[in-house]
Amino acid sequence: MEGTSVSRRDFLRGAGVVGAAAGALALAGTAGAPAPATAAEGEGAVPAIAQLANETAWIPVQKAACPGPRGPIAFVADAIPADQIAATEDHDIIVVGAGIGGLMASLKAADEGADVVCIEKMTFGRACFEAFGAVNAKCQEGLDIQPQLLLDEIYRSAYWRIRPEPVHAYVRRSGEATDFWQAMLDKGSNGFVISHVQEFPSTCGMPCLTDLIPTELGFGSSPCLPPDAGIRPGYAGMYVCMEMQEVASQYDNLDIRFETPGVQLMREGSGPVTGVIARSADGSYVQLNARKGVILATGGYDANPALMEAWCRPEDYASSSWWNPGWGTTGDGHLMGIQVGAQMDPCPQPVMNFRWGSPDSFYDSRAWGAISIAILVNGDGNRFVREDLPFQPVSNAQNAQPDYGANCWAVFDETMMGGMDDAAVEDYAGRGWLFEGATPEELAAACGMNPEGLSATIGRYNEFFKKGIDEDFDRDLSAAVPFTGKRYFALTTNSCVLATVGGLTIDGNAQVLDTENKPIGGLYATGNVSGGFFAGNYPRHIPGTSIGRAVTFGYVAAEHAMKGE
């Protein structure tokens, strides 16, 4: 069974970080561990099978190669000699990462009067999704948002495997953080406006377990967006981050430095974190001392295949594509935190997976109508999920199919095409993604599916419309249609990785906790480098908790670091 678990040194070698301090990472088991000894016979002897069951090196753990992007890893495991540090600077707050959480932390700290440096390893910052969640912001006045329902739904979605402090802080402070965000955007030149996003009634509860919790916000009312952008332009988050960079330039006490990755935290023994060692654009090291705190905002590790393989379920990535506008998310903050004694969410950690993945990335809008009405089938031609569930549950169900969902299809006919015209059909077919047939059997033969299985599935599905109920998955048939056309299509589909959402354990002040559950002085985390919020799954049916917590805890971390309370 050698190779079923990963030693600390093997793991670090795979991640490109050999030489981390002893105890920096702790993974269960040791590769090549000796076989358990046979129990001695006699009174009180432990049966051999009990020893085998408790020897983790013998547990058959599935592994799979991660096909995702390989971004530039910044973390340095070995101690950096003093003679390699070309400069030393003293500041109040050091923020590591210029995504939405890092920019929020930087602006809040600067607005509180701090001397702030925000370092970012990429050339032009990062982006975020176009919508997020919050509770009782000014722009939500008049909405019936019941905080206890949101709290319960977050707990339920994590199956109560999370601590309440971060969730309570998000629900209690996200509205305040959103109001501050709007005040910052008001200083920009483009007029971004945060406004309520109307959600479908079945959004929460997947569906019908819980009434709609109207917490989703976005930028659809912003006059700077094109008139035809609608409430989900898909790229607003990128421009919002650019706007925040512009606002940051108005603060003389805030310096954002690109191409300047944080590589290592500074901590002596059990004392506080006192700063960050960064690498400047010219390759030299600079020591950035922080009088009040370091805020990690480095994002997840979806662009680090070694960490994906070590910390995530193989089904969550093995047959997926990636939708990631920047490949800076390589787990630098996770590794820096662990190196100085931080606690991290248990493994396997959750991955934000969405349906509608194409072999390249994410299907464009021409396919959305068809996919929404289509049935989803595996290589045997069998349905495997209620197709009108939110993105993440459908993705999870697909990943549970044979070969991690590698041979799954959205099947529809000419009456279900939505916005997919003949040009789109020709485009997708030319890429080898779309197949067509005059009958279900002909379609299945064209794309390598089981013909008898697909024919039986379509026939059974059509019978459900006569009965008025989906007896297999309880899909809402009022928003679906039976197969009645003479042209049948199969569009290959897979899950699409957006982000990892497991990270360093934090408390309600965004302070990073050590392995004894005590705050590490001077160290904070926000966004996807932070943990304690999700367990095993990203609950996409709850509006915007990923971006929402990044906004909230960037704000909370900066305030706590400045005030110490």
Side-chain angles (χ1 to χ4, degrees), residues 129 131 133 149-150 152-162 199-213 215-216 232 302 312-323 348-358 362-363 367-368 370-378 382-411 461 470-480 491 493-502 533-548:
F129 202 57
L149 295 182
L150 178 57
D152 183 65
E153 193 63 32
I154 294 174
Y155 299 146
R156 184 202 310 272
S157 298
Y159 216 75
W160 288 271
R161 291 181 180 270
I162 54 176
E199 305 154 51
F200 293 109
S202 63
T203 296
C204 299
M206 300 188 290
C208 301
L209 291 178
T210 305
D211 290 337
L212 174 70
I213 305 172
T215 56
E216 187 161 14
R232 294 187 182 278
D302 48 282
C312 302
R313 297 177 180 85
E315 58 265 35
D316 285 346
Y317 61 76
S319 296
S320 295
S321 54
W322 262 248
W323 186 85
Q349 293 186 358
V351 175
M352 188 190 299
N353 275 325
F354 276 15
R355 63 181 295 192
W356 293 6
S358 74
F362 198 74
Y363 275 112
W368 294 357
I371 295 175
S372 296
I373 303 174
I375 61 172
L376 293 176
V377 301
N378 57 25
N382 297 326
R383 290 174 71 207
F384 54 84
V385 70
R386 174 176 174 157
E387 291 90 352
D388 59 348
L389 288 176
F391 278 19
Q392 183 86 27
V394 174
S395 177
N396 289 346
Q398 178 164 343
N399 290 342
Q401 297 305 298
D403 298 322
Y404 306 121
N407 186 27
C408 291
W409 305 86
V411 175
Y461 184 70
D470 178 352
E471 295 178 343
D472 290 338
F473 296 100
D474 198 31
R475 180 177 184 173
D476 181 3
L477 297 181
S478 68
L491 184 68
T493 185
N494 50 256
S495 291
C496 189
V497 173
L498 275 74
T500 58
V501 290
F533 209 94
F534 309 112
N537 183 70
Y538 177 71
R540 179 60 184 93
H541 65 288
I542 304 175
T545 47
S546 179
I547 301 299

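Index from 1, following the sequence. Because the structure is predicted, anything quoted here is derived from the model rather than measured.
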Where do D476 and R386 land on the side chain to side chain contact (heavy atoms under 4.5 Å, CB included) test, with the steps shown first? CA-CA 9 Å; D476 181 3; R386 174 176 174 157; 3.9 Å; yes
Should W356 and F391 be marked as a ring pair (Phe, Tyr, Trp, His ring centres under 6.0 Å) after you check the CA-CA gap, both sets of side-chain angles, and the distance that decides it? CA-CA 8 Å; W356 293 6; F391 278 19; 4.8 Å; yes
Can you tell me how the ring of F362 sits relative to the ring of F354, calling it parallel under 30°, perpendicular over 60° and tilted otherwise? tilted
Within the 3.5 Å criterion, strictly below it, is a donor on Q392 or H541 matched to an acceptor on the partner's side chain? no
Would you say N494's side chain and S320's backbone share a donor-acceptor pair under 3.5 angstrom? no
Any donor-acceptor N or O pair under 3.5 Å, side chains N537, N396: yes
Side chain to side chain donor-acceptor pair (under 3.5 Å) between Y461 and R475: does it pass, once the steps are laid out? CA-CA 10 Å; Y461 184 70; R475 180 177 184 173; 3.3 Å; yes
How about S157 and I542: do any of their side-chain heavy atoms sit closer than 4.5 Å? yes
Side chains of Y155 and R161: do they bring a donor and an acceptor to under 3.5 Å? no
Side-chain touch S495/Y317, heavy atoms, less than 4.5 angstrom: no
Report the C-alpha separation of T545 and F533 in whole Å, then their side-chain angles, then the decisive distance to 0.1 Å, and conclude whether the side chain to side chain contact (heavy atoms under 4.5 Å, CB included) test is met. CA-CA 9 Å; T545 47; F533 209 94; 4.0 Å; yes
Results of ring-ring contact (aromatic ring centres under 6.0 Å, His included) for F473 - residues two or more places apart only: none
